[in-house]
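All figures in this text were calculated on a predicted structure; none of them were measured in a lab.
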Amino acid sequence: MTTEALAVQVVNRSGTQTVINAVTSANGFTFPNDGHTLLWVVNDAGALTLVFTIRPTLDGQTVTRTVVVTASQAWVIGPFPVDVYNDANGLVLCTPDADLTGTTEGVAVISF
């Protein structure tokens with residue numbers, strides 16, 4: 001399974017122009033997480049479901065957390081506790097149920 005790897009954009013008091021990344025839903029995307037990481041989701045279509053994989057497994061089963069981003073909205077999700085969301089490589093896995101590839105939609109990973 002190949003996922004899209006997104007880079008963290010650091011926000012500071014001077015302001016940061018963020019880059020919105022288009023992502024496809026096929027395999028999801030990953031991003032590094034230090035516990036101060038937020039996911040900015042811009043959704044210009046219908047309701048969007050994001051599924052975050054939680055670590056570790058429970059009785060050998062993968063556990064997930066679902067967030068529904070309403071239609072035509074921008075949401076900020078997080079922070080993500082590292083002991084709950086990070087895999088062995090320090091990455092969070094998120095799988096959207098639809099592509100975020102419109103002209104004004106996508107995701108940005110930001111940290112403070």
_Counting C-beta onward and ignoring hydrogens, is there a side-chain heavy-atom pair between Ile110 and Thr16 closer than 4.5 Å?_
no
Note to self: According to a hydrophobic-cluster definition based on side-chain heavy atoms being under 4.5 Å apart (Ile, Leu, Val, Met, Phe, Trp, Tyr only), do Val67 and Phe29 belong together?
What the structure shows: yes
Residues Asn27 and Thr95: closest non-hydrogen pair is O-OG1, 4.3 Å
Closest heavy-atom pair, Leu100 versus Val42, reported as atoms and distance to 0.1 Å, is CD2-O, 3.9 Å
Note to self: A side-chain contact here means heavy atoms from C-beta on lying under 4.5 Å apart; do Val109 and Thr37 qualify?
What the structure shows: yes
Check: Leu50 versus Thr66: any side-chain heavy-atom pair under 4.5 Å?
Finding: no
*Same apolar cluster: Trp40 and Leu38, side chain cutoff 4.5 Å*: yes
Shortest non-hydrogen pair, Gln9 vs Val19, comes out as OE1-N, 2.6 Å
Leu6 and Val76: same hydrophobic cluster, using ILVMFWY side-chain contacts below 4.5 Å?
no
Query raised in the report: Heavy atoms, side chains only, cut-off 4.5 Å: are Pro96 and Leu48 in contact?
Result: yes
- Please confirm whether the backbone N or O of Ala108 pairs with a side-chain atom of Asn21, one donor and one acceptor, at under 3.5 Å? no
Point to revise | Donor-acceptor side-chain pairing of Thr24 and Glu4 below 3.5 angstrom | key: yes
- Message: Does any part of the side chain of Val107, heavy atoms only, come nearer than 4.5 Å to the side chain of Leu39, both counted from C-beta?
- Response: yes
(request) Answer yes or no: is there a side-chain heavy-atom contact under 4.5 Å between Asn86 and Val92? (result) yes
So Trp75 and Asn43, do their side chains get closer than 4.5 Å, heavy atoms only?
no
request  = State yes or no: do Phe112 and Ile20 share one hydrophobic cluster built from I, L, V, M, F, W and Y residues joined by side-chain heavy-atom distances below 4.5 Å, directly or via other members?
outcome  = yes
For Val23 and Thr101, the nearest pair of non-hydrogen atoms, with its separation, is O-CG2, 3.5 Å
In terms of relative ring orientation, are Tyr85 and Phe52 parallel, tilted or perpendicular, with 30° and 60° separating the classes?
perpendicular
Closest heavy-atom pair, Ser111 versus Val8, reported as atoms and distance to 0.1 Å, is CB-CG1, 3.4 Å
Output for pair (Thr30 OG1, Asn89 CG), nearest 0.5 Å, gives 9.0 Å
message = Quick check: is Val84 connected to Val51 through a chain of hydrophobic side chains (ILVMFWY, heavy atoms under 4.5 Å apart)?
response = no
Could you tell me if the side chain of Thr3 sits less than 4.5 Å from the side chain of Leu93, heavy atoms only? yes
Between Val68 and Ala47, the two heavy atoms sitting closest are CG1-CB, 4.3 Å
